[in-house]
Amino acid sequence: MFSAVRKRNAEKRDRDIAARQERVAKKQLETFKRVLGSEPGARNKGEKWWCDHYEWLKDCGYLLRPRYATDWVPSWQGTAKVPYRCEDGVVPSYNHLIDATRISDGKFVMLKIVRRSRHPFEADIGKFFMSEPLASDPANHCVPIYEALSVPQDDDRILLVMPLLRAYSDPSFDTIGEVIDCLQQLFEGLQFMHIHHVAHRDCMNLNFLMDATSLYPEPYHPFRPNWRRDLSGYAKYSTRTRCHPKYYLIDFGISRRYDPSDINPLELPILGGDKTVPEFQVSDEPQNPFPTDIYYVGNLLREDFIQLKEGFDFLEGLVADMVQDDPNKRPTIDEVVSRFDTICKGLSSWKLRSRVVPKGENIISGLFYDAGHWTRRFISMARREPPIPTLRS
């Protein structure tokens with residue numbers, strides 16, 4: 001259930017952002033007698049490409065939000081509304097990503113511009129994992145590519161159509177069992193890629209997302225995920241224990257697929273989102289990317305759980321081996337999966353149903369969160385929901 005504390009924090013954050021924007025505009029007005037840059041809420045240069053292709057995308061079966069229509073009139077125009085609080089005033093976080101609605105069934109999707117000159121293998125690897133029988137394999141946690149659209153009169157750009165996903169840890173995990181399910185899917189997904197001779201090469205936390213459709217009774221906004229899609233209020237959600245989400249590995253921009261006969265492929269170091277890979281710090285020599293994938297995932301567990309949350313000491317031994325400086329000493333993904341399975345079997349139901357507690361949480365907040373957690377816990381047990389959510393097919 002939606003936490004009152006989380007709601008107040010989100011409201012405060014939104015007020016702070018709006019107030020900061022207003023202060024900047026006021027200061028610019030006082031200093032320069034005008035607001036610098038574009039008018040508040042106006043479309044930026046990066047959005048122009050999407051506006052220019054609005055009708056083409058519509059013909060392809062994908063409808064962008066009203067903001068990108070050729071006849072768009074800002075909803076706040078002539079009113080006292082603030083653009084930041086209007087749905088058509090929301091600007092995408094990245095110019096190469098935008099949400100859309102699939103016209104045939106109303107499904108919300110994400111469109112991604114990929115430049116073949118920069119990432120020549122991304123689309124092919126994505127489509128490889130969408131081919132049968134791989135696409136139907138429940139162990140496949142590679143983001144689905146529904147369609148790849150060739151952009152008219154542009155040989156370099158291709159548009160990938162994917163499901164709308166959100167950060168794997170948002171909303172926050174309620175129980176340790178929910179985390180276990182998440183990590184099982186992460187390991188399973190990476191194992192699936194490695195079995196098929198594909199190294200991800202950038203599998204850090206920003207490239208591990210969740211399909212949260214089942215968690216939210218009403219659609220959330222893709223670029224204001226704490227809000228309903230129309231910004232009419234905060235988006236309510238349920239727990240992973242009850243709704244069983246699926247997690248996906250995304251972004252194959254620097255991924256590589258190898259011939260099965262190549263048992264020790266070598267690639268020049270390339271820094272992804274995680275810049276801490278030990279072997280990249282000491283040498284520019286080509287490296288086997290598969291042990292590097294193990295480091296990335298191990299560091300995700302270390303930074304997002306062991307260092308930030310209470311009660312995950314049971315992962316320390318495995319993670320320590322996964323992040324060893326010498327890549328040759330790291331376990332393979334098959335060994336990781338096997339060891340993780342053994343670890344999970346040793347966890348009690350009480351442990352699995354325990355609340356995920358941030359390190360440094362103050363006593364008052366802890367008591368408040370505990371009250372909600374125990375209510376959900378009793379309900380879950382009464383419904384005989386398993387302590388580790390089981391992904392529904």
Review point. Is any side-chain heavy atom of Leu111 closer than 4.5 Å to a side-chain heavy atom of Val161?
Key: yes

Exercise for review: Report yes if some heavy atom in the side chain of Leu268 is under 4.5 Å from a heavy atom in the side chain of Asp284; otherwise report no.
Suggested key: no

Practice item. Verify the neighbour count for atom CG of Asn362: are there more than 12 heavy atoms of other residues, nucleotides or ligands below 6.0 Å? Key: yes

Review point. Just by modelled atom types, is the Trp49 backbone N or O under 3.5 Å from a matching donor or acceptor in the His53 side chain?
Key: yes

Exercise for review: Please say whether the positively charged group of Arg65, taken as NZ for Lys or CZ for Arg, lies over the ring of Phe223, i.e. under 6.0 angstrom from the six-membered ring centre and within 45 degrees of the axis.
Suggested key: no

Point to revise | Cation-pi geometry met for Arg377 and Trp350 (6.0 Å, 45°) | key: yes

Review point. Does Asp88 offer a backbone N or O that forms a donor-acceptor pair with the side chain of Trp76 under 3.5 Å?
Key: no

Exercise for review: Evaluate the ring planes of Phe305 and Phe312, with Trp represented by its six-membered ring, and classify them as parallel (under 30°), tilted (30 to 60°) or perpendicular (over 60°).
Suggested key: tilted

Check your understanding: Stepwise, does the side chain to side chain contact (heavy atoms under 4.5 Å, CB included) test hold for Val143 with Leu160?
Key -> CA-CA 11 Å; Val143 61; Leu160 301 184; over 6 Å; no

Review point. Does Tyr247 have Arg240 sitting over its ring (NZ/CZ under 6.0 Å from centre, angle to axis within 45°)?
Key: no

Practice item. Report the C-alpha separation of Asp99 and Arg229 in whole Å, then their side-chain angles, then the decisive distance to 0.1 Å, and conclude whether the salt bridge (charged side-chain N to carboxylate O under 4.0 Å, His left out) test is met. Key: CA-CA 11 Å; Asp99 65 293; Arg229 190 171 178 87; 2.9 Å; yes

Exercise for review: May I ask you to check whether Phe378 and Trp374 place their ring centres under 6.0 Å from each other?
Suggested key: yes

**Study point:** Same cluster (ILVMFWY, side-chain, under 4.5 Å), Tyr68 and Leu97
**Key:** no

Practice item. Please answer: with hydrophobic residues joined when any side-chain heavy atoms are less than 4.5 Å apart, are Tyr146 and Leu134 in the same cluster? Key: no

Point to revise | Check: Glu178 side chain, Asp174 main-chain N or O, donor-acceptor pair, under 3.5 Å | key: yes

Review point. Between His221 and Ala235, is there a donor-acceptor pair closer than 3.5 Å when you use the side chain of the first and the backbone of the second?
Key: no

Exercise for review: Measure from the ring center of Tyr234 to the ring center of Trp227 and say whether it is less than 6.0 Å.
Suggested key: yes

Check your understanding: Val297 versus Ile333: any side-chain heavy-atom pair under 4.5 Å?
Key -> no

Practice item. Find out whether the Lys NZ or Arg CZ of Arg257 is both under 6.0 angstrom from the six-membered ring centre of Phe128 and within 45° of the ring's axis. Key: yes

Review point. Do Arg102 side-chain atoms and Lys107 backbone N/O form a donor-acceptor pair below 3.5 Å?
Key: no

Exercise for review: Taking atom types as modelled, find out whether Glu147 and Tyr62 have a side-chain donor-acceptor pair closer than 3.5 angstrom.
Suggested key: yes

Review point. Taking the side chain from Arg67 and the backbone from Trp72, do they hold a donor-acceptor pair closer than 3.5 Å?
Key: no

Practice item. Check the angle between the aromatic planes of Phe208 and Tyr168 and answer parallel, tilted or perpendicular using the 30° and 60° thresholds. Key: tilted

**Study point:** Check: Pro278 main-chain N/O paired with Gln281 side-chain donor or acceptor under 3.5 Å
**Key:** no

Check your understanding: For Val90, does its backbone N or O pair with a side-chain atom of Arg224 as donor and acceptor, under 3.5 Å?
Key -> no

Practice item. State, with a plain yes or no, whether a side-chain heavy atom of Met110 is found less than 4.5 Å away from one of Leu165. Key: no

**Study point:** Ser136 side-chain N/O to Pro133 backbone N/O, donor-acceptor pair under 3.5 Å
**Key:** no

Check your understanding: Would Lys246 and Asp211 satisfy salt bridge (charged side-chain N to carboxylate O under 4.0 Å, His left out), going step by step from the backbone distance to the final call?
Key -> CA-CA 6 Å; Lys246 184 166 183 175; Asp211 183 351; over 6 Å; no

Check your understanding: Backbone N or O of His200 within a donor-acceptor pair of the Asp293 side chain at under 3.5 Å?
Key -> yes

**Study point:** Working for side chain to side chain contact (heavy atoms under 4.5 Å, CB included), residues Leu315 and Leu183
**Key:** CA-CA 11 Å; Leu315 291 174; Leu183 299 183; 4.0 Å; yes

Check your understanding: Got more than 12 heavy atoms from elsewhere within 6.0 Å of NZ, Lys45?
Key -> no

Exercise for review: Verify whether the ring centers belonging to His141 and Phe192 lie closer than 6.0 Å.
Suggested key: no

**Study point:** Test item: Tyr258 and Pro289 side chains (from C-beta on) under 4.5 Å apart, heavy atoms
**Key:** yes

Point to revise | Asp230 versus Ser232, side-chain donor and acceptor atoms under 3.5 Å | key: yes

Check your understanding: Is a side-chain donor-acceptor pair under 3.5 Å present for Tyr296 with Asn207?
Key -> no

Check your understanding: Can a donor-acceptor pair be found between the side chains of Glu279 and Thr292 at a distance below 3.5 Å?
Key -> yes

Check your understanding: Can you say whether the rings of Phe290 and His194 are parallel (under 30°), tilted (30 to 60°) or perpendicular (over 60°)?
Key -> perpendicular

Revision key, fill the gap. From the list Lys329, Arg339, Arg330, side-chain hydrogen bond (donor to acceptor under 3.5 Å, both in side chains) with Asp321 holds only for Arg339

**Study point:** Heavy atoms from other residues, nucleotides or ligands near CG of Leu266 exceed 12 (cutoff 6.0 Å)
**Key:** yes

Practice item. Test side chain to side chain contact (heavy atoms under 4.5 Å, CB included) on Asp334 and Gln191 and set out the steps. Key: CA-CA 7 Å; Asp334 290 340; Gln191 183 183 42; 2.7 Å; yes

Check your understanding: Should Phe252 and Ile145 be marked as a side chain to side chain contact (heavy atoms under 4.5 Å, CB included) after you check the CA-CA gap, both sets of side-chain angles, and the distance that decides it?
Key -> CA-CA 11 Å; Phe252 308 126; Ile145 306 296; 5.6 Å; no

